[in-house]
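In listed order, ligands and their atoms are each counted from 1.
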Amino acid sequence: MSQPSNRVFSGVQPTGNLHLGNYLGAIKRFVSLQESHECIYCVVDLHAITVAQDPQELATNTREVASAFIAAGVNPKEHIIFNQSQVSGHAELAWIFNCVARMGWLNRMTQFKEKAGKNRENASVGLFSYPTLMASDILLYRATHVPVGDDQKQHLELTRDISAKFNNDFGEQIRNLQHGDAYFPMTEPLIEGPATRIMSLRDGSKKMSKSDPSDLSRINLTDDADTIAKKIRKAKSDSDALPETMEDLKTRAEANNLIGIYAALAETTKEDVLKEFGGKEFSVLKPALADLAVEKLSPINNEMKRLLDAPGDVDAILRDGSDRARVIAEETIKEVKDIIGFIS
Ligand code: TRP
């Protein structure tokens with residue numbers, strides 16, 4: 001197989017409560033990349049079970065992520081939307097990468113340390129080796145670009161380390177089998193700019209998170225218009241007027257967050273938003289932001305509802321996407337087996 005020159009791969013975990021941070025930091029980007037790249041978007045259910053999941057909820061959440069991709073504007077016919085567990089190559093290549101990656105590399109992963117917390121002895125082995133599965137997602141399709149949030153940068157670096165070590169360890173065989181000097185690419189991350197870090201609406205110093213106990217801290221993609229407006233009205237603010245300069249904005253976490261959300265939704269810069277709202281009260285910004293958020297998110301919310309009412313249709317889209325992903329994956333697995341010396 002020849003190396004594609006512009007293939008995008010990305011994944012989102014089906015762990016519930018897709019929110020504005022996921023939309024602005026990832027899904028919105030997925031939509032625009034369709035113009036320039038061949039895109040493969042995956043609901044990473046194998047990653048989800050690194051921590052315990054309720055089976056019914058896992059299925060519902062998987063459909064919810066797929067629906068969000070489609071509702072936001074990913075075209076599942078021209079590109080691929082599928083769920084990871086339907087393509088066995090992900091798990092197969094992950095095993096091989098478990099034997100390429102070093103303990104020392106994985107021991108440095110900050111996400112594992114955060115997720116495992118103090119109770120590391122009781123974390124699943126899967127949670128520890130999570131990044132090798134992520135590398136396999138990407139390299140199974142020999143993706144050249146991966147749009148991800150800031151927090152996934154380290155996993156992308158690990159993916160490149162695995163790619164380089166594999167290419168090096170099996171260099172002779174790779175050349176003998178006419179794959180050139182390198183079999184796997186050095187995948188580039190595409191890290192989103194100002195919109196990557198959407199913070200909690202209740203605390204501008206914490207990331208917006210699906211696991212925050214306060215539902216008021218985030219805007220879920222399943223929230224209806226009234227709920228969106230209410231959450232923005234109740235967003236934390238202070239009694240000072242909004243800052244007028246970018247310098248001052250940096251010292252005001254809550255203002256910075258709301259101005260950032262406004263800019264991302266309006267597809268403009270924070271500087272431009274400050275030109276309009278700098279020096280004004282939060283009470284002026286909030287209704288304008290609520291209107292904008294409803295205008296941009298309601299159509300997505302409505303389309304998601306429509307899709308989730310027809311789960312059979314969503315499942316059919318996932319099945320079709322999986323069938324097409326599998327064709328690419330099987331080719332990679334076959335070639336990797338030849339390179340390693342597995343008889344097939
Ligand atoms: N780890 C990613 C996250 O939590 C999800 C993910 C899994 C992913 N596999 C991937 C992202 C491959 C990009 C490419 O956000």
(message) For a 4.5 angstrom cut-off between non-hydrogen side-chain atoms, does Arg252 reach Asp240?
(response) yes

(message) Given 3.5 Å as the limit, does a donor-acceptor pair link the side chain of Lys231 with the main chain of Arg218, or not?
(response) yes

(message) Any side-chain to backbone donor/acceptor pair from Thr269 onto Asp272? Under 3.5 Å, distance only.
(response) yes

(request) Check for a donor-acceptor pair, side chain of Lys206 on one end and backbone N or O of Arg202 on the other, with a separation under 3.5 Å. (result) no

(message) Using the ring centroid of each side chain, check whether His37 and Phe30 are separated by less than 6.0 Å.
(response) no

(message) Heavy-atom contacts with ligand 1 below 4.0 Å: which residues, ordered by chain and residue number?
(response) Phe9, Ser10, Gly11, Gln13, Val44, His47, Tyr130, Met134, Asp137, Ile138, Val146, Val148, Gln152

(request) Verify the cluster assignment for Leu58 and Phe82: are they in a single hydrophobic cluster under the rule of side-chain heavy atoms below 4.5 Å apart? (result) no

